[in-house]
Each structure stands twice: as C-alpha cells, then as structure tokens.
Asker: 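I am attaching a structure below and will ask some questions about it afterwards.
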Amino acid sequence: MSLIHKIALGLISGIGPRLAKNLLQYFGSAQDVFSTSAQELMAVAGIGPALAKTILQRDFMQQAKFECDFIERHDIQPLWIEDSTYPHRLQTCDDAPPLLYYKGNADLNNRYIISIVGTRNATSYGKRLCEDLIRELADLQPLIVSGLAYGIDVTAHRAAVSCGLPTIGLLGHGLDRIYPAAHREVASSMIENGGLLTEFPSQTKPERAHFPMRNRLIAGLADVTIVIEAGIKGGALITAEMANSYNRDVCAFPGSVDKTYSEGCNYLIKTHRAHLIRHAEDLRYLMNWEKETPKQITQQLSLLPPSLSKDEQKVFLYLQQMEQATVDEIAMHLDWPQSKLAIVLLEMEMNEVILSLPGKIYRSMIS
C-alpha cells in the first residue's frame, strides 16, 4: 500500500480515526479509497456528497508527497495501524490513528508501559514522588510515556533518562518542532533511548485542540496511567478519563485536601476512577508486577512439557502465569502477529496442552 495514500488519508479535513477505519475496512486499502467513485464512497456511513468530492479531488497528494520526503530526510518511521511495529495496546482502541509518525528507537510494545501525567505547576514534592516512583520501578525496565509538557511530564521524562529507561514523548504537533522549545535538550536525549511520537504531520502547529487528542494516545499506549498532582480541570484528568474508557488501570497519588494541585487526584480516588497509590510497591501489587527471582524462573522452566517448541514454550509459560488469557492478550504479551499465534495455538490445542474456551480464551491443561 502506498505511503503517500496512507498519509493523504490523514490529511483530509472531516475524516477522523474512526471514519478512516471505516473507509479502510470497506475498501481494503488507502489507495483504493482514492481510486473509487463518489457513489461508492457515499456507501460508507459518514461520507456525504461534499466529503466524497473532497476525497476524489485528491488535493492532498502534493502535501502527502512533501511529507514522504520529510520522513525520509529526518529518519522518521511511519507506523501504519496494520503493521506489527504499531503499538499493540493502542491498536485495540477504537479511535486509534491509522498512521503515527515516530522518531526514536524504543520498543512501543515493551512488556511494561507506564504513562505518567500531572500538573504543569508541579511542586517539589510532586516532582520527588515522580522521580522516586520511576527509580523504584527501574528493575522492570518499563517504557515511560508522557506529554513533554512542563511540570510532571518533563520530570517523568528526565527521571527516565537519568535511570537509563526508555521514554516516549507524545506530541500535539508535527515532528518538525519541539513544544515547548525549552524542552529541546531533553527531547534530544529521549531520542537516543526512547523517542517522540505523534499522529500529526510536519508543519502542524501546537494548537489547543490537538492536546486532548494527544492525551488519548498517552492513555492508550500504556498499561496504566499514573496521575501525580493535578487540578480538577486540565489535561491530566482528561487522560485519566480516556484511560478508564479504554479499560486501562488508572492510579493517583493522594494529596492535601486544601491544595488545588491535589483536587484532581483526590477526585479520581473519591469517585473510584483511580486506585490510590503511595509508592512503587503499591503499583507493583496492583499490577502484579513482581520481579521474577532466579528460583521462580527455574521453577517455571521445570513445568515445561519436554515436547514443546520454543514458541510453544513462550505461550505455555504465559498461560501458566495468567491462568487464562485471550488471543489479544497473548499476542500483545509476546509481540506476535495474530497469524503466527493462531498456528501455534492450534498445534498446542491439538496436542492437548491448552484448552480453547468461549470468547477466544485459552488456558493451560497442565497444572
């Protein structure tokens, strides 16, 4: 599928992520969207005569070609939603952008991914909470995600860099600029071990409406979103709400009842929108993220049936750990395409190593 057509699809005003997915599902490819008739375009829900005409005018192709050149010149990776490199956690969100622009080297499907958000006017106490949390989780080698904003965001990025952990900054603009400009230096260090990610093409300015869109990516990319100091209004609470809508875990540090920068965290906890945490151990307990000891690893290996292939062993160990899991959960954990996993699961089921349950759920038949 042509990269130019993929880019062009995202440049059309009036076509958001959901409508773009509808078009791709109907036509099969971005290229075919631009090679059809107005009548067929209007067969897709959400496409009227005016939007069909706009698509067929193909006025976006020149800009898309410019973007292709920009990507190539600046070593930017375009991540298409059907690619194995696309973030798997984000792939499951119904409003995930079909195309992402990525500059960096971190694994966006890391085993542990944590989003950290909070107020731009962070106190020294809030910054210390953030730094301590990241340092105490360093043994898990998590990917730390935030929005490169002032306050808690940039504190999380800097703490991750300091601990040698990969960290991703989600941007509300194109990769031809850094906003705020004061964070250019930390952004540069993040690219060396982590990266910058956005759904916006170059020349897109950091406009107010873009940041809630950016926040949904912060929430969708991670296993858990952690809020450290937040007012009752603002981007941190928007991110938490979006994480909840994606059925992801949300955690918040409680704060003083008389401080505005604690109102948001306390509200999330009070309304059961977030789990209360005090330190890294609380998060480990909540997420069941305990570091495996050499003894535990040895015990796991001793449970392996001798006839399993290396791929089957990976599936078996995960199911032993989780007791049961869906196909999507297994694929996400192992970072495998569904096609590869389907073959392995079928072989294991035929050999009576695992059992298939309703809802595409599998569990081990060996205790």
Side-chain angles (χ1 to χ4, degrees), residues 87-96 106-119 126 129-130 132-147 152-153 156 159-160 165-168 170 197 212 214-230 234-255 262 264-292 318 321-326 328-335 361:
H88 294 168
R89 294 166 178 83
L90 191 59
Q91 227 166 15
T92 63
C93 303
D94 61 357
D95 57 353
D107 179 6
L108 300 178
N109 293 304
N110 198 329
R111 182 176 181 182
Y112 304 109
I113 302 184
I114 301 169
S115 290
I116 298 178
V117 295
T119 179
L129 283 177
C130 182
D132 289 348
L133 178 72
I134 290 172
R135 186 180 65 255
E136 292 164 8
L137 293 170
D139 62 282
L140 297 175
Q141 289 293 299
L143 174 63
I144 303 299
V145 175
S146 198
I152 294 298
D153 284 24
L165 299 176
T167 180
I168 295 291
L170 271 296
L197 187 67
R214 179 274 309 268
N215 292 344
R216 87 186 193 286
L217 301 186
I218 294 174
L221 196 63
D223 301 300
V224 57
T225 293
I226 299 172
V227 186
I228 305 174
E229 291 191 336
L237 260 67
I238 292 173
T239 306
E241 290 292 348
M242 290 176 170
N244 275 312
S245 74
Y246 296 147
N247 293 316
R248 306 294 166 81
D249 285 293
V250 178
C251 298
F253 283 88
S262 298
C265 291
N266 292 342
Y267 168 78
L268 289 171
I269 295 167
K270 181 186 74 173
T271 57
H272 306 290
R273 288 172 165 85
H275 302 279
L276 185 155
I277 60 170
R278 302 159 298 164
H279 39 58
E281 288 309 309
D282 284 347
L283 181 66
R284 288 176 186 269
Y285 174 79
L286 172 71
M287 302 299 293
N288 196 27
W289 286 352
E290 295 301 330
K291 187 177 181 182
E292 292 177 339
Y318 181 65
Q321 176 189 347
M322 302 302 294
E323 294 186 4
Q324 66 180 39
T326 66
D328 289 342
E329 288 169 341
I330 301 170
M332 183 182 297
H333 173 75
L334 298 176
D335 192 16
I361 296 171

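All heavy atoms count here, side chains included; hydrogens, waters and symmetry mates do not. From a predicted model like this one, the values you see are computed outputs, not experimental measurements.
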Asker: Could you give the distance from SG (C265) to CG (L237), rounded to the nearest 0.5 Å?
Answerer: 7.5 Å
Asker: Taking all non-hydrogen atoms of both residues, which atom of A236 and which atom of V227 are closest, and how far apart?
Answerer: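 Closest approach of A236 to V227, heavy atoms only: CB-CG1, 4.2 Å.
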Asker: How long is the straight-line distance from CD1 of I238 back to CZ of R214, given to the nearest 0.5 Å?
Answerer: 9.5 Å
Asker: Using 0.5 Å steps for rounding, measure from the CG atom of L108 to the CD atom of Q91.
Answerer: 11.5 Å
Asker: Determine yes or no for a side-chain-to-main-chain donor-acceptor pair under 3.5 angstrom, with S115 supplying the side chain and A219 the backbone.
Answerer: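 Not confirmed, S115 side chain does not pair with A219 backbone.
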Asker: Taking the side chain as every heavy atom from C-beta outward, state whether V145 and I113 have any atom pair closer than 4.5 Å.
Answerer: yes
Asker: Using a 4.5 Å cut-off on heavy atoms from C-beta on, say whether the side chain of H275 contacts that of D249.
Answerer: yes
Asker: Can you check whether H333 reaches M322 side chain to side chain, under 4.5 Å on heavy atoms?
Answerer: no
Asker: Which heavy atom of A325 sits nearest to which heavy atom of I330, and what is that distance?
Answerer: CB-CG1, 3.9 Å
Asker: Are V117 and N215 side-chain neighbours, meaning at least one heavy-atom pair lies under 4.5 Å?
Answerer: no
Asker: So if I apply the side-chain contact (heavy atoms from CB on, under 4.5 Å) rule between C251 and each of I269, I277, L268, which one comes out positive?
Answerer: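 Exactly one pass, corresponding to I277.
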Asker: Which heavy atom of F253 sits nearest to which heavy atom of I228, and what is that distance?
Answerer: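 That would be CD1-CG1, 3.6 Å.
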Asker: To check you understand the geometry: which heavy-atom pair defines the closest contact between P87 and L221, and what is its length?
Answerer: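 Minimum heavy-atom separation between P87 and L221: CB-CD1, 3.3 Å.
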Asker: What I'd like to find out is whether the side chain of I226 reaches to under 4.5 Å of the side chain of L283, using heavy atoms alone.
Answerer: yes
Asker: Please enumerate all residues that pass ring-ring contact (aromatic ring centres under 6.0 Å, His included) together with Y285, with sequence neighbours excluded.
Answerer: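 For Y285, no residue satisfies ring-ring contact (aromatic ring centres under 6.0 Å, His included) once neighbours in sequence are set aside.
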Asker: Please report the interatomic distance OH(Y246) to OG1(T225), rounded to the nearest 0.5 Å.
Answerer: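 Going from OH on Y246 over to OG1 on T225, the span is 10.0 Å.
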Asker: Compare every heavy atom of P166 with every heavy atom of N110, then report the nearest pair and how far apart it is.
Answerer: ND2-CG, 4.2 Å
Asker: Rounded to the nearest 0.5 Å, how far apart are CD of E281 and CG of L137?
Answerer: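 One finds 8.5 Å between CD of E281 and CG of L137.
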Asker: To the nearest 0.5 Å, what is the distance between CD1 on I361 and CD on Q324?
Answerer: 5.5 Å
Asker: Could you tell me if the side chain of I134 sits less than 4.5 Å from the side chain of I116, heavy atoms only?
Answerer: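 When only atoms from C-beta onward are counted, I134 and I116 do touch, with a gap below 4.5 Å.
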Asker: What closest approach, in Å, do R284 and E136 show between heavy atoms, and which atom pair accounts for it?
Answerer: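 R284 and E136 have their closest heavy atoms at NH2-O, 2.8 Å.
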Asker: Donor-acceptor pair, distance only, cut-off 3.5 Å: does the side chain of N266 make one with the backbone of G255?
Answerer: yes
Asker: Do any N or O atoms from the side chain of T167 and from the backbone of I144 form a donor-acceptor pair under 3.5 angstrom?
Answerer: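 Checked: pair present.
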Asker: Please walk me through it: do M332 and T92 pass side chain to side chain contact (heavy atoms under 4.5 Å, CB included)?
Answerer: CA-CA 10 Å; M332 183 182 297; T92 63; 4.2 Å; yes
Asker: Only one of R111, R89, R248 clears salt bridge (charged side-chain N to carboxylate O under 4.0 Å, His left out) with D223; which?
Answerer: R89
